[in-house]
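Reminder, nothing fancy here: chain letters follow the sequence lines and each chain counts from 1.
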Amino acid sequence: MQHALYDQLTASQREAVLHIEGPLLVLAGPGSGKTRVITYRIAALIDAGVRPDNICAITFTNKAATEMRQRAVALGASAGAHISTFHSLCVRILRRYAEQAGVRASFSVYDESDQARCMKQAVKDCGLDTTNFSPARMLEAVSALKNNVIDAQSFTQQADDFFSRTLARIYLRYEQILAERNGLDFDDLLLKTAFLLRDRSDVRIELANRFRFLLIDEYQDTNHAQYRIARDLVSEHNNICATGDPDQSIYRWRGADIRNILAFEKDWPDAVVVKLEENFRSTARILEAADSLIAFNQSRKQKRLLPTRPAGKDVDVTVFEDEAEEAHGVAHRIKELADAGQSLREAAVFYRVNAMSRAVEEAFIRSKIPYQVVRGVEFYNRKEIRDVLAYLKVLVNPRDELALMRIINTPARGIGKTTIDRARAYAAANGITLYEACTRAGNIDALPKAGQAKLTVFVKMIEQFKAHVGEKVAPVIERVFVESGLEKSLELGGLRDQAALENVEELMNAAAQYDAEAEEPSLLDYLQQVALFSDVDSYDTSAERVALMTLHAAKGLEFDNVFIIGLEDGLLPHERSYDDRDQMEEERRLLFVGITRARTGLNLSWARYRTVRGQMLRTIHSQFLEELGIEPARLDTEQQAWYSPDDDDNARTGAHPPKFVTGQKVRHECFGPGKVEEFIDMGENSVVVVKFNTGQTKSLLVKYADLSEI
DNA sequence: CATAGCCGCCTTTTT
DNA sequence: GGCGGCTATG
């Protein structure tokens with residue numbers, strides 16, 4: 001690397017970048033240039049003569065991995081370093097060492113809903129009812145065990161009370177079901193890899209030599225299984241570099257163990273520790289608020305955020321009447337920013353729960369503000385996408401009964417419940433999989449000739465698809481989509497199906513991109529990787545659109561202007577965190593993460609009333625607001641500082657029809673009294689939807705309706 | 001066997 | 001308020 005590049009770094013950044021051999025811990029506060037340090041480090045390692053393929057960098061999301069790859073290459077580092085999430089890495093390892101790990105390389109990756117189905121089955125198989133042993137709860141418990149590298153056998157041995165013994169039975173059965181279907185859930189990817197490294201020193205040594213330099217970002221959010229994997233991977237050379245910030249640990253509920261980062265120096269006693277405390281991102285006012293807030297956490301090492309930027313604007317705190325006004329207020333403010341020439345992609349709205357995006361979206365649509373919702377799984381959870389992927393899964397993993405059940409009669413081809421039940425009974429009686437049973441449909445005596453014929457046609461179609469498995473992924477998807485009849489079934493439909501068609505097209509585009517870019521492209525790899533994808537990965541940072549996301553998804557990102565909504569008691573901190581001090585502290589860290597995403601503008605808000613599960617409830621503002629170190633006078637303003645309904649954008653058009661708000665009581669000449677359900681603000685063509693006391697609901701053009709307020 | 005409509009369930013955050 | 005599963009009906 002040219003020496004000039006290092007000149008851009010601070011002394012401590014340079015120290016971290018140029019530390020080559022031996023364990024290194026980088027404790028990096030928000031906005032301290034951590035990402036930059038990691039990418040420079042990759043370049044510096046290569047510069048020092050390390051072969052790219054001896055480097056393995058672990059990121060928290062796929063998106064972070066993609067970005068890091070691009071940045072490293074832009075810095076002049078030759079491509080070839082392995083950069084991915086822990087889960088992606090484990091998929092590759094398990095496929096490569098399937099035999100040693102005791103799995104089949106063709107495994108399906110089971111996502112949350114797949115897991116739920118298997119768990120439901122497991123609970124039922126154990127003769128328990130799903131009310132007392134809710135699959136979700138059981139899944140949570142099993143996941144916690146897996147994250148702590150405890151398998152079903154060893155848990156069974158240590159289970160000593162009624163609940164544990166029951167859970168052990170469920171765990172065992174759940175594992176059996178997954179094994180029968182050749183499926184691995186998210187946690188299995190880590191667990192099986194941890195066991196592989198523990199039990200097979202030959203594999204461990206081979207991998208340790210392959211990945212001579214291991215870099216792990218967001219180390220504060222690793223769980224025990226990930227820790228074990230990392231420890232074993234560096235067991236031969238100790239070249240581990242971990243970066244993170246204990247104050248930004250927000251995944252405890254998912255098994256993340258903050259002790260990993262706190263105990264790093266115990267695990268690697270000769271570790272060099274570099275602290276990056278200067279913040280180059282946010283203005284001083286924003287950092288003061290963040291600093292003041294996080295200081296309320298008791299189980300934490302004292303740490304200062306050192307601002308390098310000027311004071312900047314005050315942090316804005318606003319109270320609104322309800323969530324609709326709050327959303328409208330945010331929209332209004334963003335319009336102002338846009339009018340002042342600010343870029344929309346530099347604005348983001350954060351919230352505690354996904355459901356809160358709705359109100360904001362509605363306001364943005366009305367205000368014609370382009371936006372994108374960055375959400376957990378949305379795209380790959382759509383029915384049509386899952387259907388197509390299920391076909392592909394059956395092609396590479398015929399044991400995947402979950403996938404098979406999904407497609408066997410989708411689109412409808414006359415294979416109903418009775419037919420399937422009989423085929424299944426035949427499979428059980430003969431100790432074969434359901435798919436195998438279908439291939440022998442002619443032998444299933446319990447089935448009428450018509451049923452046998454339908455199954456045979458289905459199997460024939462699948463077998464024909466199989467002939468193309470070795471080809472590029474996108475064409476296979478297209479073939480399956482067309483020839484399975486899925487496409488046709490959607491073409492007949494209405495608007496909804498039209499959207500579905502477009503989604504599948506989008507899937508094919510993404511697959512084509514995969515075909516072009518993947519390291520080792522294959523249908524199997526595609527399916528295993530796609531299961532690990534989330535919508536955060538498809539978040540387009542270059543689009544001129546406001547980003548809407550949860551506080552969790554905001555991790556690692558930064559924006560000029562940040563809006564955090566719903567600072568209310570029970571929401572942030574979330575009510576489910578009340579009874580546990582550690583969880584309360586995590587809620588505080590969550591807000592801390594959100595605040596420190598902002599470069600220059602930070603707008604916090606709460607609403608006096610919020611609709612929860614369809615009910616409008618009175619709220620109390622979040623205790624966190626008082627912990628920001630902002631003068632009380634600015635915290636709880638009676639009237640909004642910069643927004644009032646009269647001062648709307650459309651007021652500028654010159655026309656001034658009356659405006660209404662949801663819930664408002666009005667009277668109409670003919671229909672009598674009623675309540676406003678919706679007000680669609682379109683200037684002089686505004687529409688108001690009123691539910692009248694007579695029971696009927698009417699949409700009325702405001703300028704003609706002559707409604708009067710009550 | 002397919003479809004529509006209804007009921008009852010859950011609802012924090014996500015790789 | 002949304003979704004999955006169940007039932008009743010064609």
Side-chain angles (χ1 to χ4, degrees), chain A residues 58-65 84-91 109-113 115-117 120 130-131 134-137 139-140 143 146-147 184-191 193 218 221-223 225-226 249-256 350-359 374-378 380-383 408-421 448 450-451 454 489 528-537 549-556 566 570-578 580 583 586-587 589-591 593-594 611-616:
Chain A
I58 307 283
T59 57
F60 196 71
T61 62
N62 287 299
K63 177 170 161 50
S84 77
T85 63
F86 256 114
H87 286 82
S88 270
L89 174 68
C90 290
V91 160
V109 177
Y110 275 13
D111 69 14
E112 209 180 324
S113 67
Q115 289 181 57
R117 276 164 205 269
K120 202 171 170 191
T130 49
T131 341
S134 90
R137 275 251 164 274
L139 221 38
E140 209 172 287
S143 175
K146 288 186 176 182
N147 286 156
L184 298 182
D185 64 24
F186 286 145
D187 304 315
D188 279 336
L189 298 175
L190 304 174
L191 179 78
T193 307
E218 309 282 11
D221 278 321
T222 51
N223 62 31
Q226 291 165 328
S249 162
I250 52 174
Y251 283 93
R252 207 180 80 97
W253 53 274
R254 208 175 76 184
F350 303 154
Y351 35 77
R352 180 63 178 82
V353 300
N354 280 309
M356 291 168 70
S357 74
R358 175 180 308 265
V374 182
R375 200 173 307 205
V377 278
E378 202 80 327
Y380 287 97
N381 247 350
R382 293 190 162 109
K383 183 187 175 301
I408 197 164
N409 199 34
T410 307
R413 48 174 73 89
I415 304 177
K417 192 176 177 300
T418 15
T419 310
I420 295 170
D421 282 348
K454 281 170 187 162
S489 75
Q528 290 175 344
Q529 296 297 337
V530 113
L532 302 175
F533 248 72
S534 69
D535 273 12
V536 186
D537 305 317
M549 67 187 85
T550 63
L551 286 157
H552 282 90
K555 174 166 157 165
L571 207 47
L572 184 64
H574 198 273
E575 57 188 347
R576 304 258 285 231
S577 309
Y578 283 156
D580 182 28
Q583 279 193 58
E586 180 146 314
E587 296 288 310
R589 289 195 293 269
L590 198 50
L591 180 56
V593 166
T611 318
V612 184
R613 277 168 245 153
Q615 273 210 318
M616 180 82 91

Can you tell me the distance, in whole Å, between the CD atom of Q226(A) and the C1' atom of dT14(B)? 12 Å

At under 4.0 Å between heavy atoms, what does T419(A) touch on the DNA or RNA strands: base, sugar-phosphate, or nothing? sugar-phosphate

For R576(A), what residues pass the salt bridge (Lys or Arg N to Asp or Glu O under 4.0 Å) criterion, not counting sequence neighbours? none

Check whether any side-chain N or O of N409(A) sits under 3.5 Å from a backbone N or O of G416(A) as a donor-acceptor pair, and report yes or no. no

For R358(A), answer base if it contacts any base atom (sugar-phosphate contacts may also be present), sugar-phosphate if it contacts only those atoms, and nothing otherwise; contact means non-hydrogen atoms under 4.0 Å. sugar-phosphate

Gap between atoms CZ and P, on R576(A) and dT13(B) respectively (whole Å): 10 Å

With the stacking rule set at 5.5 Å and 30°, tell me whether F60(A) counts as stacking on dT15(B). no

Between atom CD in E112(A) and atom P in dG4(C), what is the gap in whole Å? 12 Å

How is F86(A) classified with respect to the nucleic acid when contacts are heavy atoms under 4.0 Å: base, sugar-phosphate, or nothing? nothing

Looking only at dT14(B), dT15(B), dC1(B), the nucleotide nearest the T418(A) side chain is dC1(B)

Stacking check: are the rings of H574(A) and dT12(B) less than 5.5 Å apart at their centres and under 30 degrees in tilt? yes

Taking OP1 and OP2 of dT14(B), is either one under 4.0 Å from a side-chain nitrogen or oxygen of T550(A)? yes

Between protein and nucleic acid, restricted to nucleotides 7-10 of chain C and to nitrogen or oxygen atoms under 3.5 Å apart, what atom pairs and distances do you find?
none

Rounding to a whole Å, what distance do you find between R137(A):CZ and dT11(B):C1'? 13 Å

Closest to the 5' end of DNA chain B, once E586(A) and A412(A) are matched to their nearest nucleotides, is A412(A)

OP1 or OP2 of dT13(B) versus the side-chain N and O atoms of N354(A): is any pair under 4.0 Å? yes

Value in whole Å for how far the P atom of dT14(B) lies from CG of L139(A): 16 Å

Set of ring pair (Phe, Tyr, Trp, His ring centres under 6.0 Å) partners for H552(A), sequence neighbours left out: Y251(A), W253(A)

More than 12 heavy atoms of other groups within 6.0 Å of R117(A) CZ: no

Without decimals, in angstroms, what is the distance between I250(A) CD1 and dT15(B) P? 11 Å

Please check if the side chain of Q226(A) supplies one atom and the backbone of F86(A) the other of a donor-acceptor pair under 3.5 Å. no

Could you walk me through whether L572(A) and L551(A) pass side-chain contact (heavy atoms from CB on, under 4.5 Å), step by step? CA-CA 10 Å; L572(A) 184 64; L551(A) 286 157; 3.9 Å; yes

Any base atoms under 4.0 Å from N409(A), or only sugar-phosphate, or nothing? Heavy atoms, all strands. sugar-phosphate

Do you know the tightest heavy-atom contact between K146(A) and A225(A)? O-CB, 4.3 Å

Looking at residues at least two apart in the chain, or sitting in another chain, which of them share a side-chain hydrogen bond (donor to acceptor under 3.5 Å, both in side chains) with T418(A)? none

The nucleotide from dA2(B), dG5(C), dT14(B) with an atom nearest the side chain of R117(A) is dG5(C)

By salt bridge (Lys or Arg N to Asp or Glu O under 4.0 Å), K454(A) pairs with (sequence neighbours left out) none

Can you tell me how far P of dT13(B) sits from CD of E587(A), to the nearest Å? 11 Å

Taking CD1 from I408(A) and P from dA2(B), how many angstroms apart are they, rounded to a whole number? 12 Å

Heavy-atom closest contact (A116(A) atom, P135(A) atom, distance): O-CB, 4.4 Å

At under 4.0 Å, does any side-chain N or O of R352(A) touch on OP1 or OP2 of dT12(B)? no

Give every pair of a protein N or O atom and an N or O atom of nucleotides 4-10 of chain B that lie under 3.5 Å apart, one pair per line with the distance.
none

